[in-house]
Amino acid sequence: MKVVLNSDVLYTTYPLQELPRRIRQLCQACSSRGVPIVLPETTLLEFNRAQDDHVDREREELQDAVELLESYGVEHEEVAPDSLISRADLVQLMEDTGVDVEVIPPTPSEYEEAHRRTCLHEPPHPPDTDSSEMRDVLIWCVALRVARAEGRAILLSRDRVHVKEPGGVEAEDANLLRLDEVGKVMEALHVESPTGKMARSLLAPVWDELVESGLPAGRPFDLQGIDAPAFVRGDEGLKHAEADIRTSGPGEGQQMAGHLTLELHRGAIEEVRIEEVTVDGEEQPDVVIEFDEPRPIETESPDYTERLAALDEILGGGSSWTSS
Amino acid sequence: MDLELGSNRFRDVKVPVLWGNRAILQDRKGRISVVDLGGTQARLEIVGDEPAPDVEFTPTVDGFKILRDGDPIYTYSKEQQSFSSLSSDLPDVEISDREIQIGRGNVIQRSMISGFDVGVRIDSDGFAIGASLPEGLAALEL
């Protein structure tokens, strides 16, 4: 298994000095599972080009600042923008997290294949666009190669050329899983994502009671997958959560699936429902628990009062406001 | 531009960035708030870098995703103060202290957009600086 990156998930709007949090977490997740990251050469070249633009702009701004100081006779140490600001080595930054990184150039046949597909608007080219970008198709070809060589791979990309339907059949045949978020990659690698962490914090305290109430699931709580999660906070903390979840089933190797709904009040669970329950695809009864004594849980609760006051301040716009 | 938000009425509001139908605001601590002006009533979605009360969201590795009836609408990165639409062709937008970046390579200095009702108006066709209020925003009281 390897994870292939498109350039759009690496793009930043500033000169990179350290990895953005999402990339650092991706690298750490891959490293923890011994999964290498693949940078198609196209991805690296695009990243470097964008970074060069940011570096050039930053250097220019620094030079302008120096000249402005000098125009007012302000003394300062010698400033050399070119040596102060330089393009970071992305591969080195990623490898510093412990992950293995491979830079893979396209083969001559992949160039030819990408050229043909782009000109003829063949998959993965979406049918509703006139774009003739060959770079995205090149990355697609490299990703397919990696998936076929490894038996499976993940392509992390937000580009519609990579994630939309025209490429679906080919990706499935090659066992190339296409994901558009770092969190989803983490889940695919069985590394706890922020969503998984939040779900675990809500379910782990009440899991034993759910199982004792008849939920056909294993113990301890073992979240194996989560889809379509949605959380809602109130003024006093989380008040609603729902998701499709998969956990270990009652027997060895079995899997339970169901739709989870949680209602909370003041940071405590009042009701939990797991509906549309199945074990290895076979339907099972729903489980609903209403707690006479709500179960407190630990989740983050931002200070909305202060934040709303700060928002009031800027919406005031210097004029009066009235509250009706 | 006047704005009704819940039971509060705000007069003479300046919107630095209108991203589609969403006003992106920044408080004095640099935190981002977002008001959806596209419905019959203005709706607060993000307040001070956090999902607003009663708004559906999902956490991500560097922020969160805003949902509507379970459907993802956009992601917000708290680290980069950037937005990516998941439901339309709106370009990404990133807010920093000095500038606003729209898509790739379009940089607008913030000093250029002060004083307008809408500093930068962004839609799927492009963006305009110092724009007037677009039609169809029924949430506003003019």
Side-chain angles (χ1 to χ4, degrees), chain A residues 8 11-14 20-26 29 50 53 57 61 158 160 180-186 193-198 226 228-236 239-240 242-243 300-304 306-324, chain B residues 1-16 23 25-29 31 33 35 44 46-65 67 69-72 75 77-80 82 84 86 89 92 94 96 98-101 104-105 107:
Chain A
D8 62 357
Y11 182 77
T12 66
T13 56
Y14 51 88
R21 184 178 173 183
R22 68 185 187 282
I23 303 302
R24 190 172 68 249
Q25 292 209 1
L26 171 69
D53 288 345
R57 194 173 82 243
E61 288 181 8
R158 291 172 45 212
R160 56 191 308 190
D180 59 0
E181 273 180 51
V182 171
K184 292 179 183 175
V185 176
M186 292 170 73
S193 67
T195 300
K197 182 179 176 183
M198 206 154 165
I226 182 167
F231 303 91
V232 180
R233 287 179 183 146
D235 292 336
E236 296 173 303
K239 71 178 196 179
H240 176 84
E242 62 180 286
E300 289 180 17
S301 182
D303 182 355
Y304 280 125
E306 186 272 327
R307 282 173 161 79
L308 287 168
L311 180 59
D312 277 351
E313 201 176 293
I314 55 172
L315 285 177
S319 287
S320 63
W321 64 274
T322 57
S323 179
S324 55
Chain B
M1 168 167 86
D2 294 342
L3 172 64
E4 262 191 37
L5 194 61
S7 61
N8 294 324
R9 180 174 302 166
F10 302 97
R11 299 194 183 280
D12 197 27
V13 173
K14 308 289 186 216
V15 175
L25 308 161
Q26 192 171 36
D27 66 27
R28 58 182 167 76
K29 290 188 179 180
R31 297 171 304 190
S33 296
V35 180
L44 185 60
I46 296 176
V47 59
D49 277 350
E50 293 290 336
D54 301 317
V55 171
E56 288 179 37
F57 73 97
T58 302
T60 62
V61 292
D62 60 354
F64 48 85
K65 197 185 302 186
L67 314 174
D69 296 326
D71 293 326
T75 58
S77 164
K78 289 204 280 190
E79 183 185 18
Q80 295 185 222
S82 63
S84 295
L86 302 172
D89 290 333
D92 294 355
E94 179 170 322
S96 70
R98 293 174 296 168
E99 58 198 23
I100 294 166
Q101 296 222 16
R104 292 204 190 189
V107 179

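Since this is a predicted model, take the numbers as computed values, not measurements. Computation of the quantities below employed the complete heavy-atom set of this structure, encompassing side-chain atoms and omitting hydrogens, waters and symmetry-equivalent molecules.
- Neither the backbone nor the side chain of B/Asp71 comes within less than 4.5 Å of any heavy atom of chain A.
- Aromatic ring orientation, B/Phe57 versus A/Phe231: tilted (interplanar angle from 30° to 60°).
- Electrostatic pairing of B/Asp54 and A/Lys239 counts as a salt bridge here, judged by a charged N lying under 4.0 Å from a carboxylate O.
- Of the two parts of B/Val55, only the backbone, made up of N, CA, C and O, holds a non-hydrogen atom closer than 4.5 Å to a non-hydrogen atom of chain A.
- The side-chain heavy atoms of B/Thr75 and B/Leu86, taken from C-beta on, include a pair separated by under 4.5 Å.
- At a 4.5 Å heavy-atom cutoff, the contact between A/Glu61 and chain B is made by side-chain atoms alone.
- Interface summary for chain A: among B/Lys29, B/Glu99, B/Gln80, B/Gln26, the most heavy-atom pairs under 4.5 angstrom belong to B/Gln80.
- Interface remark: A/Ala310 contributes backbone and side-chain atoms alike to the contact with chain B (heavy atom separation under 4.5 Å).
- Side-chain atoms of B/Ser77 and A/Arg22 include no donor-acceptor pair closer than 3.5 Å.
- Looking only at heavy-atom pairs under 4.5 Å with chain A, the residue among B/Ala52, B/Gly48, B/Pro72, B/Pro53 that has the most is B/Pro53.
- When B/Gly63, B/Ser96, B/Ser82, B/Pro51 are compared by the number of non-hydrogen pairs under 4.5 Å with chain A, B/Pro51 comes out ahead.
- For A/Pro229, the parts lying near chain B are the backbone and the side chain together; criterion is any non-hydrogen pair under 4.5 Å.
- The nearest pair of heavy atoms linking A/Arg307 to B/Val47 is CD-O, 3.3 Å.
- With a threshold of 4.5 angstrom between heavy atoms, B/Glu56 approaches chain A through its backbone and through its side chain.
- Interface check for chain B: of the options A/Ala243, A/Gly183, A/Ala230, the most heavy-atom pairs under 4.5 Å are formed by A/Ala230.
- Chain B forms the most heavy-atom pairs under 4.5 Å with one residue out of A/Glu242, A/Glu306, A/His240, A/Lys184, and that residue is A/Glu306.
- Only the side chain of A/Tyr304 comes within contact range of chain B, with heavy atoms under 4.5 Å apart.
- Comment: B/Glu50 does not engage B/Arg31 in a salt bridge, judged by the lack of any side-chain N to carboxylate O separation of less than 4.0 angstrom.
- Both the backbone and the side chain of B/Thr58 come within contact range of chain A, each with at least one heavy atom under 4.5 Å from a heavy atom of that chain.
- No other option in A/Thr12, A/Thr195, A/Thr13 has as many heavy-atom pairs under 4.5 Å with chain B as A/Thr13.
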